Amino acid sequence: MIKVTLPDGSIKDFELDIVTPLDVALNISKGLAKKAIAAKVDGKLVDLSYPIKKDSEVKIITFEDPEGKDIFRHSSSHILAQAVQNLFPGTILGIGPAIKDGFYYDFDSEHKFTPEDLVKIEEEMARIIKEDLKYTRKELPREEAIKFFQDRGEKYKVELIEDLPEDAIISIYQQGDFIDLCAGPHVPSTSFIKAPKLLSLAGAYWRGSEKNKMLQRIYGTSFSKKSELDEYLFRVEEAKRRDHRKLGQELELFTLMDEGPGFPFFFPKGMIIRNELENFWRELHKESGYQEIKTPIILNQELWERSGHWQNYKDNMYFTEIDDSNFCIKPMNCPGGMLVYDSKLHSYRDLPLRYGELGLVHRHELSGALHGLMRVRAFTQDDAHIFMLPSQITDEIKGVIDLIDKIYKLFGFEYHVELSTKPEKAMGSDEMWEIATKALEKALEEKGMDYIINEGDGAFYGPKIDFHLMDSIGRTWQCGTIQLDFQMPERFDLTYIGEDGEKHRPVMIHRVAFGSIERFIGILTEHYAGAFPLWLAPVQVKIMPITDKQHDYGKKLYDELKKVGVRVELDDRNEKIGYKIREAQVQKIPYMLVIGDREVQDGTVGLRKRGEGDLGAVLFEDFKEQVLEEIKNKK
RNA sequence: GCCUAUAUAGCUCAGUAGGUAGAGUGCCACCUUGGUAAGGUGGAGGUCACCGGUUCGAUCCCGGUUAUAGGCUCCA
């Protein structure tokens, strides 16, 4: 007899020697058995046909579970691979995992896949699905597995097996005559995959290394119902409507031109958002005990050799020559900050010293990596370098975490945090790195923050805490970062005079909150879908006379609002009111003031609010007060 | 940088079996003075990304370059 414990704690007894998760599901309900695609037995994901031989905890996995989606998509990728091998014999398989919202499979093929091929492949997949082929699992000894895939010419699979640990269980899955190396589990049969869709083609290096051959990757997704697929495709379309590149064009915020790949141009309206963000930043930093500095964009090569950038960051830098000497365009603000610190003697009483800098940096990014405002070659970092006593490290880091959190909260951003550790290319001893990493960990833990560890992704001078924000299609972008650095103070021989009258070495934090102003504006644009809050909106109020009889009154209101600093426009064009409203609406302007004879008579305005529509007549003076109040409160 | 694709008016796009192009929108002018998401008429606007080749002739075919998109790699 086997006792099965279910997630709700209830126990089912089976009068059998061997039970499968499918038996368990059937025992619970017919509906669940129909939806079941795999199971978790004592914490391990297994097929529905897995033999349970002892008392176990069993959870039935359906498409609704995150693990269920992964299994489902993974099974879909096997169907994709089978279809491709059927249509293009000789195609060698790479890997085909499930990813967020879908799956992909990498292929090595003489044939260059085209978008038309995707249609054919989808048809073949539909055929395979209709055949309802069972996924069957088999475990093989290592040598046998290697020989099996070698005989089939699947060299990448052989490589994968060879890299598995000695004691790993090697399993293969078969559906029809298609066999793939795979840990599983899978759905029971191909007909489970109700709504597959191939999405795109891309190149991808084998094992993600540019030293390896580039394989052809086919991306797809799949759902348990057609309606879910349609909903997903609709969501993707919706997200495209929020794309900051599209909105940036429509709202005249910024542009990128052929003449400056990766070097964005900002239009007047984009500059308003930028300047508002910078004003806010200055205000907040002043309150938080920062002083502002500005360091040069071009500095001599010797400085960059001293800082270690020459040795570690050269590939990303631009260079120039002045009077026969070599100069570098700064990719980071820190060396300049070091020089500012070092330009005078500091007492321990001055520390922590917080130098903020809105610094324009240039970095040579790969052309293929450029992406709107999110990845550019010139951007302004809202940087700061904090020089402090070793005893102040934790408090300072916690202070920065609070500051960043405060900024993101104002905009209503959700974010996640990563801790990046020592990279391959790094300066300084392991001990230093250990101490620095521990300090960051400690601050995160004392703040009770969840974080994931990003092994080997730190800056070359120190470990870092990264803050990631999401764009409209779910990609995340690093914005804020806090980096702890023992190296630069050492290399620049920075000192402070301690209580004992002797020189000591300060510790330093590099940090940004917005990250890059450009990227932050990109993220903000998508976050608000272009409908910026009043305090950021390039045009806050638009006055729209119904006929030219109200132009004088309109001009008077315009002047009054302008005088108190409201960003206001007067639409005195010879157009109908419906037309003016439509245009202001498309431009996502927060407030429209419609004025006709009635309003002129009563000293009112016909108020129309973005998102709420016509609010009727209000006294102009009341509106003015209200709008000023809202701007002040950053609504 | 690599893979795949794309590049036509300010913007969004159509088009040509290879005979130098068209719509909508925006812009300008005129008519219309209209009360909460597009009133009418007319006009201007393009070396069809750039360079080369094939051809009597190239926006179209071929090659290269540049830029852009989606990935890979990299990163704020």
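To find a chain, count down the sequence lines: A is the first, B the second, and so on, and within it residues start at 1. Everything numeric in this text was worked out from a predicted model, so none of it was measured.
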### Message
What contact category does A/Lys580 fall into here, base, sugar-phosphate, or nothing, at under 4.0 angstrom with non-hydrogen atoms?
### Response
nothing
### Query
A/Glu365 has an atom CD; how far is it from atom C1' of B/A67, in whole Å?
17 Å
#### Entry: Check: A/Asp622 side chain, A/Val618 main-chain N or O, donor-acceptor pair, under 3.5 Å
no
### Stem segments of RNA chain B by first residue number [Watson-Crick or G-U, under 3.5 Å, at least 3]
B:1-7 with B:66-72, B:10-13 with B:22-25, B:27-31 with B:39-43, B:49-53 with B:61-65
### Message
Counting the atoms with a prime plus P, OP1 and OP2 as sugar-phosphate, which does A/Lys609 contact under 4.0 Å by heavy atoms, base, sugar-phosphate, or nothing?
### Response
nothing
### Task
Compute the centroid of each ring, for A/Phe520 and then for A/Phe411, and state whether the two points are separated by less than 6.0 Å.
yes
### Task
For B/C2 versus B/C28, give the span between their P atoms, rounded off to a whole number of Å.
45 Å
### Task
Could you work out which one of B/U36, B/A38, B/G35 sits closest to the side chain of A/Arg598?
B/G35
### Message
I'd like the P distance from B/G63 over to B/A7, given in whole Å.
### Response
15 Å
### Message
Roughly how many Å apart are B/G15 and B/G42, using the C1' atom of each and rounding to a whole number?
### Response
25 Å
### Message
Distance alone, cut at 3.5 Å: any donor-acceptor contact between the side chains of A/His510 and A/Asp485?
### Response
yes
### Message
Is there, by distance only and without an angle test, a donor paired with an acceptor across the side chain of A/Gln550 and the base of B/G35 below 3.5 Å?
### Response
no
### Query
For the side chain of A/Arg519 and the backbone of A/Leu373, is there at least one donor-acceptor N/O pair under 3.5 Å apart?
no
### Query
Across the strands shown, which category fits A/Arg573 at heavy-atom distances under 4.0 angstrom: base, sugar-phosphate, nothing?
sugar-phosphate
### Task
Identify which nucleotide among B/C72, B/A37, B/G39 has an atom closest to any side-chain atom of A/Arg582, counting heavy atoms from C-beta outward.
B/A37
### Task
Provide, to the nearest angstrom, the distance between the CG atom belonging to A/Leu247 and the P atom belonging to B/U12.
13 Å
### Task
Sequence neighbours left out, what pairs pass salt bridge (charged side-chain N to carboxylate O under 4.0 Å, His left out) with at least one residue falling in residues 607-618 of chain A?
A/Lys609-A/Glu612
### d(CG, A/Leu118; C1', B/G71) in whole Å
13 Å
### Query
What's the CD-C1' distance between A/Glu357 and B/A76, to the nearest Å?
15 Å
### Query
Say you pick atom C1' in B/U6 and the same atom in B/U59; how far apart are they, in whole Å?
15 Å
### Query
Checking all strands, does A/Arg519 fall into the base, sugar-phosphate, or nothing category for heavy-atom contacts under 4.0 angstrom?
base
### Query
With centres under 5.5 Å and planes under 30°, do A/Phe379 and B/A76 count as stacked?
yes
### Message
Measure CD/A/Glu259 against C1'/B/A49 and give the value in whole Å, please.
### Response
10 Å
### Message
Less than 4.0 angstrom between a side-chain N/O of A/Tyr579 and OP1 or OP2 of B/U33, yes or no?
### Response
no
### Query
For the pair made of CG in A/Leu251 and C1' in B/U12, what is the distance, rounded to whole Å?
15 Å
### Task
Answer with yes or no whether A/Tyr205 presents, from its side chain, a donor or acceptor under 3.5 Å of a partner atom in the base of B/G71.
no
### Query
Do A/Val541 and A/Leu593 pass the side-chain contact (heavy atoms from CB on, under 4.5 Å) test, and can you show the C-alpha distance, the side-chain angles, and the key distance before you say yes or no?
CA-CA 7 Å; A/Val541 178; A/Leu593 307 182; 3.7 Å; yes
### Message
The side chain of A/Gln483 is closest to which nucleotide in this list: B/G35, B/A76, B/U36?
### Response
B/A76
### Message
Tell me whether A/Arg217 forms a cation-pi arrangement with A/Tyr205, defined as NZ or CZ under 6.0 Å from the six-membered ring centre and within 45 degrees of its axis.
### Response
no
### Query
Start at the 5' end of RNA chain B and walk down; is the nucleotide closest to A/Gly515 or to A/Leu607 reached first?
A/Leu607
### Task
Tell me what A/Arg245 touches on the nucleic acid: a base, only sugar-phosphate, or nothing, going by heavy atoms under 4.0 Å.
sugar-phosphate
### Task
Indicate, with a heavy-atom threshold strictly under 4.0 Å, whether A/Gly596 touches base, sugar-phosphate, or nothing.
base
### Query
A/His371 side chain N/O closer than 4.0 Å to the phosphate oxygens (OP1, OP2) of B/C75?
no
### Task
Output the single nucleotide from B/A76, B/A37, B/U4 whose closest atom is nearest the side chain of A/Arg608.
B/A37
### Summary
With the side chain defined as heavy atoms from C-beta on, A/Ala202 is closest, among B/G70, B/G39, B/G1, to B/G70
### Message
Regarding A/Gly368, tell me which of base, sugar-phosphate or nothing describes its non-hydrogen contacts under 4.0 Å with the strands shown.
### Response
base
### Message
Quick check: do A/Ile523 and A/Phe413 have side-chain heavy atoms less than 4.5 Å from each other?
### Response
yes
### Query
Touch check for A/Val361, heavy atoms < 4.0 angstrom, all strands: base, sugar-phosphate only, or nothing?
nothing
### Task
Check every atom of B/G39, B/U36, B/U33 against the side chain of A/Asp614 and return the nucleotide holding the closest atom.
B/U36
### Task
Indicate yes or no for a side-chain donor-acceptor contact from A/Lys157 to the backbone of A/Gly94 under 3.5 Å, with no hydrogens or angles considered.
yes
### Query
If you count the non-hydrogen atoms of other residues, nucleotides and ligands that lie under 6.0 Å from NZ in A/Lys246, is the total more than 12?
no
### Message
Students often get this wrong, so: under 4.0 angstrom with heavy atoms, is A/Ile577 touching a base, only sugar-phosphate, or nothing?
### Response
sugar-phosphate
### Message
Base, sugar-phosphate or nothing for A/Leu256? Non-hydrogen atoms, less than 4.0 Å.
### Response
nothing
### Donor-acceptor pair (no angle test) under 3.5 Å: A/Arg375 side chain, B/C74 base
yes
### Message
Under 4.0 Å, heavy atoms only, any strand: does A/Phe520 hit a base, just the sugar-phosphate, or nothing?
### Response
nothing
### Query
What's the closest nucleotide to the A/Arg217 side chain, out of B/C2, B/A76, B/G71?
B/G71
### Residue met sooner reading RNA chain B from 5', once A/Ile546 and A/Leu370 are mapped to nucleotides
A/Ile546
### Query
If you take atom types as modelled and just measure distance, does the side chain of A/Asp258 reach the base of B/U66 with a donor-acceptor pair under 3.5 Å?
no
### Query
Out of B/C72, B/U73, B/A37, which nucleotide sits closest to the side chain of A/Gln585?
B/A37
### Query
Between B/A76 atom P and A/Asn316 atom CG, what is the distance in whole Å?
10 Å
### Message
Between B/A5 and B/A17, how far apart are the two P atoms, rounded to whole Å?
### Response
24 Å
### Query
How far, in whole Å, is B/A44 from B/G10 if one measures between their P atoms?
16 Å
### Query
What integer number of Å spans the C1' atoms of B/A9 and B/A14?
13 Å
### Message
Could you tell me how far apart A/Met544 (CE) and B/A37 (P) are, to the nearest whole angstrom?
### Response
10 Å
### Query
With sugar-phosphate meaning primed atoms plus P, OP1 and OP2, does A/Gln478 contact a base, only sugar-phosphate, or nothing at under 4.0 Å between heavy atoms?
sugar-phosphate
### Query
Using a cut-off of 4.0 Å on non-hydrogen atoms, how would the nucleic acid contact of A/Val512 be classed: base, sugar-phosphate, or nothing?
nothing
### Query
What nucleic acid atoms does A/Asp597 come within less than 4.0 Å of, heavy atoms only: base, sugar-phosphate, or nothing?
base
### Task
Please state the P separation for the pair B/U65 and B/C72 - nearest whole angstrom.
24 Å
### Message
Given B/C75, B/G70, B/G34, identify the nucleotide with an atom nearest to the side chain of A/Ser200.
### Response
B/G70
### Message
Closest approach to the side chain of A/Glu575, judged atom by atom: which nucleotide of B/A76, B/C74, B/G39 is it?
### Response
B/G39
